[in-house]
Protein chains: 2
Amino acid sequence: MKVLTEERQNAILEQLKKSGIVKLQELVQLLDCSISTVRRDLQELEDQGKLVRIHGGAKAITTLQNEPGVLEKASKNVQGKQKIAKLAVDQIEADEVIYLDAGTSTQAMIPYMANLRSVLVVTNGVQLASQLADINIKTYLVGGELKNTTKAIVGADVVETIKNFRFNRAFMGVNGVHPKFGFTTPDPNEAAVKRAVLMQSEVGYFLADTSKLNEVSFAKVADLEAGILITDEQDSEVLQRFEQIGEIMEAEK
Amino acid sequence: MKVLTEERQNAILEQLKKSGIVKLQELVQLLDCSISTVRRDLQELEDQGKLVRIHGGAKAITTLQNEPGVLEKASKNVQGKQKIAKLAVDQIEADEVIYLDAGTSTQAMIPYMANLRSVLVVTNGVQLASQLADINIKTYLVGGELKNTTKAIVGADVVETIKNFRFNRAFMGVNGVHPKFGFTTPDPNEAAVKRAVLMQSEVGYFLADTSKLNEVSFAKVADLEAGILITDEQDSEVLQRFEQIGEIMEAEK
DNA sequence: TTCAATTCAATCAAAATCAATCATAAAACG
DNA sequence: CGTTTTATGATTGATTTTGATTGAATTGAA
């Protein structure tokens, strides 16, 4: 009996959806193939951000926010975001001080951060801070006025506060990335905060999926060379154009 | 392997949710594994802040926030809390700067605040800040380290920040109110914050339902005469005893 | 207080699982 | 047809998890 790779992986996800957790041995029996193959499938699915591997099997991803519909998934490029988020978290090392922007791109990083030991995360996102505390990560929330639409803390106070800190790494989302106009966002206040953070960071990463590349938003944060771009863009032509100016990390496959 | 680590730990938490306390021997039998393994699981879960280990087993975490599951005193006091909350909100006037403590008592005030015009609310409660922003109230969130159990921001930073502010009114919850020992809470850090707030406020209100009266918790916030007590106590004898020392507002019927 | 009985933390060896590699066989391609 | 690519299964040594054992700490009763 021949079973295609894709069928197997779908079956795994199906099983996960039902029980929330699957054992390696169960899958071997269910799919009637070798342990190696199941391992490879789980590895691939994890890279795609569709599950989290644990010792002896895998568990479904708990996003805390309710699952988006299929259509929504496609339009919002959830898969790409997951890959980017995973790659971003991989950069973090033990004992570091990290800054996380408010926003969905950075929020996607949180599920992958559960295993990080003794890191301190500073953020201006209320939602993020709450979730980070939930997984027991030392969290520092920047003080200031709360913007009710995005649940982010912005304003002059924030910039002043940020200046008292020093980060090993900062991760930020942006709405536009362009070879000439650099990293841009719609809100000048948020841009100012991001700029301040960048100044205080050893390394600054900007998270942007395909849809953001070659786009320009209103307020400029920084030039391309000021930070490292993390993206899921596959088109090598586009990538090359950006690589000539700034550093890029590609979340592949 | 028979059962995955994650499954075991979930089962433990499940059991805890039901009975509030679990014995080590019970778990060994229930999970069908060695004592060592159960110990390790409990250790891990404690590190994650999901339970508290005690000699011979573990108990559920008593979160100041939500969860009226095991310790069922919440349902009885919901009515009282509502009355107290309503009375508290009635004290607020237009154009004032208000401080709201993190906690369930103060959280109950929010629904009644929707009609307030041009007030600024300062808080150290992440949950509260989010809800306040939702009903379009100008909200300022104090910065600092986030305590994962109560979702409140506490610590030395908070006290320093508070000193830069001046409030027209401050509303705070307490766990104990006693004629002799004054207002008390379990966490010394939180007590320090409340004390600092009280110093910066024209008027300080303490919200406490019947069950808190004549109780004493660990850390003292202030003497009775330092603030106005808002309670739903009906017993006139008890009320008189407190009235001799401090000011009281009664939320009736 | 002292003592006995549990329970705990730390350690170690055995078992299970993992990541990496290699060889085979099927599929794809020119 | 031969070559390359790809997916699979088996094997290896490394890592993780587990259960048992030890002495130390805690508890409850005398």
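All heavy atoms count here, side chains included; hydrogens, waters and symmetry mates do not.
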Side-chain heavy-atom pair I12(A), Q15(A) within 4.5 angstrom cut-off: no
Using the side-chain heavy atoms of C33(B), tell me which of these nucleotides is nearest: dG19(D), dA9(C), dT18(D). dG19(D)
In whole angstroms, the gap separating C1' of dT18(D) from CG of L4(B) amounts to 13 Å
Partner of V22(A) under side chain to side chain contact (heavy atoms under 4.5 Å, CB included), chosen from L30(A), V38(A), L13(A), L16(A): L16(A)
Would you mind telling me which of dA9(C), dT17(D), dG19(D) lies closest to the side-chain atoms of S34(B)? dG19(D)
Is a side-chain donor-acceptor pair under 3.5 Å present for Y112(A) with D90(A)? no
Quickly work out the L42(B) CG to dG19(D) P distance and round it to whole Å. 14 Å
N168(A) (side chain) donor-acceptor with V97(A) (main chain) under 3.5 angstrom: yes
Which of dT21(D), dT8(D), dT18(D) is nearest the side chain of T5(B)? It is dT18(D)
Any side-chain heavy atom of T184(B) sitting closer than 4.5 Å to one from V174(B)? no
In whole angstroms, how far is the C1' atom of dA7(D) from the CD atom of Q43(A)? 16 Å
Holding to salt bridge (Lys or Arg N to Asp or Glu O under 4.0 Å), I want the full list of residues that pass it with R241(A), two or more places apart in sequence or in another chain. none
In whole angstroms, how far is the P atom of dA25(D) from the CZ atom of R53(B)? 16 Å
Just the rounded figure in Å: distance from P of dA9(C) to CG of D47(B). 11 Å
With the criterion being N/O to N/O and under 3.5 Å, what pairs connect the protein with nucleotides 5-7 of chain C, and how long is each?
| residue | atom | partner | partner atom | Å |
| --- | --- | --- | --- | --- |
| dT7(C) | O4' | H55(B) | NE2 | 3.4 |
| dT7(C) | O3' | G56(B) | N | 3.2 |

From the list dT18(D), dT21(D), dG9(D), which nucleotide is the closest neighbour of the side chain of R8(B)? dT18(D)
Between K23(A) and Q25(A), is any side-chain donor less than 3.5 angstrom from a side-chain acceptor? no
Between dA19(C), dA20(D), dT8(D), which one does the side chain of S36(B) approach most closely? dA20(D)
Roughly, in whole Å, what's the span from NZ in K23(B) to C1' in dT27(D)? 15 Å
Taking atom P of dA7(D) as reference, at what distance in whole Å does atom CD of Q9(A) sit? 10 Å
CG of L31(B) versus P of dT17(D): gap in Å, rounded? 17 Å
